[in-house]
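Here's the structure, in structure tokens; my notes come after.
Quantities reported herein were computed from a predicted structural model and do not represent experimental measurements. Just so it is clear, the values below take in all heavy atoms, side chains as well, and ignore hydrogens, waters and symmetry mates.
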Amino acid sequence: MFTGGIYGDMLYIADADAVGYINGKMQMPIQLDNDDEIVGMQFTILVPEKTKIYDIQLTNRQDNHTLTVTTPEWAGGGDARSVMITNNNANAFKGSNGAVLNVKLGVREGYGFYEQIESAHGFIQLRDIVLSAKGGNKITLPDMDIPFTIDASYFGDADDDGTIDVNDVQNCIKRALGDFDVQSSSRQADNAVLPDPQ
């Protein structure tokens, strides 16, 4: 966690290895601790290879703020978003600490179910951080690199046959114990008899 900051204002991710899953994706809060009345901010967030940013939303600390998210070009192998939060009425964020944004992360498309999810690790990077305080004062914060891991997690259709049944429960247990045969499960899915679409 970044603990420096100018004027006692900090934008940070508290613990990127302890975020909760929501429907197979992880929610990562971006926190703002502020002594000044902060009315807006901008920064770029970069996530590691195999990780995708699915959504970014304001929290209840916003007060008629506008969130603009764009996708910059980045050759780092992961995913990136440029984030800008503005307020036409110069309303400050409510309160002086807590999450201002929730970022929903997951495994990037192109990495199949059988790819170990836990291999998505590296650093989440916050770059070019500028906070806007009431009265027009700009506060520039240092870049941050936060260690990050998506822990292994197994979801309903473990054998990828289009149904959730007892076999999926068995396969989840086998996989957790390190006894999951990816090739065999792939063959089961390939040989599954599907109903005739009439």
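Residues Phe123 and Pro147 approach most closely at CD2-N, 3.6 Å, considering heavy atoms. Between Pro48 and Ile124, the shortest heavy-atom contact is CD-CG1, 4.4 Å. Taking every heavy atom of both residues into account, Ile139 and Ala133 meet most closely at CD1-CB, 4.2 Å. Val39 and Ala90 get closest at one heavy-atom pair: CG1-O, 3.4 Å. When every heavy atom of Ala80 is checked against every heavy atom of Thr71, the shortest pair comes out as O-CG2, 3.7 Å. The nearest pair of heavy atoms linking Ala92 to Glu37 is CB-CB, 3.8 Å.
Listed by chain and residue number, nothing satisfies the side-chain hydrogen bond (donor to acceptor under 3.5 Å, both in side chains) test with Asp128 (two or more places apart in sequence, or in another chain). Evaluation of the side-chain hydrogen bond (donor to acceptor under 3.5 Å, both in side chains) rule for Asn97 yields no partner, not counting sequence neighbours.
In this structure, Arg127 and Asp145 have side chains that are in contact, with non-hydrogen atoms separated by less than 4.5 Å. Between Lys138 and Ser132 there is a side-chain heavy-atom pair separated by less than 4.5 Å. Counting only heavy atoms from C-beta outward, the side chains of Met41 and Asp9 never approach each other to under 4.5 Å. Side-chain contact between Val83 and Ile30 is absent, with no heavy-atom pair separated by less than 4.5 Å. Side-chain contact check for Ile85 versus Gln62: every heavy-atom pair is 4.5 Å or farther apart. Under the 4.5 Å side-chain criterion, counting only non-hydrogen atoms from C-beta, Phe93 is in contact with Leu32. Between Leu141 and Leu126 the shortest side-chain heavy-atom distance does not fall below 4.5 Å. By the 4.5 Å heavy-atom criterion applied to side chains, Ile53 and Val103 are counted as neighbours.
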Audit row: Leu11, Val100, side-chain contact (heavy atoms from CB on, under 4.5 Å) steps and yes/no | CA-CA 9 Å; Leu11 187 73; Val100 288; 4.3 Å; yes
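Tracing side-chain contacts under 4.5 Å through hydrophobic residues (I, L, V, M, F, W, Y), one never reaches Met84 starting from Leu131; they form parts of separate clusters. Under a hydrophobic clustering in which Ile, Leu, Val, Met, Phe, Trp and Tyr are joined whenever their side-chain heavy atoms come within less than 4.5 Å, directly or via other members, Leu67 and Ile129 fall into the same cluster.
Here Gln57 contributes atom CD and Leu101 contributes atom CG; the two are 10.0 Å apart, rounded to the nearest 0.5 Å. Taking NZ of Lys94 as the start and OG1 of Thr59 as the end, the distance is 9.0 Å to the nearest 0.5 Å. Note that CD1 of Ile45 and CE of Met144 are 9.5 Å apart. Values are rounded to the nearest 0.5 Å. With rounding to the nearest 0.5 Å, the separation of CG in Asn60 from CG in Asp63 is 11.0 Å.
In this structure, Asp36 contributes its side chain and Ile38 its backbone to no donor-acceptor pair below 3.5 Å. With Asp55 contributing its side chain and Lys104 its backbone, the two residues share no donor-acceptor pair below 3.5 Å. Judged by distance alone, the side chain of Arg61 and the main-chain N or O of Gly95 form a donor-acceptor pair under 3.5 Å.
Asp33 and Gln31 share no side-chain donor-acceptor pair at under 3.5 Å.
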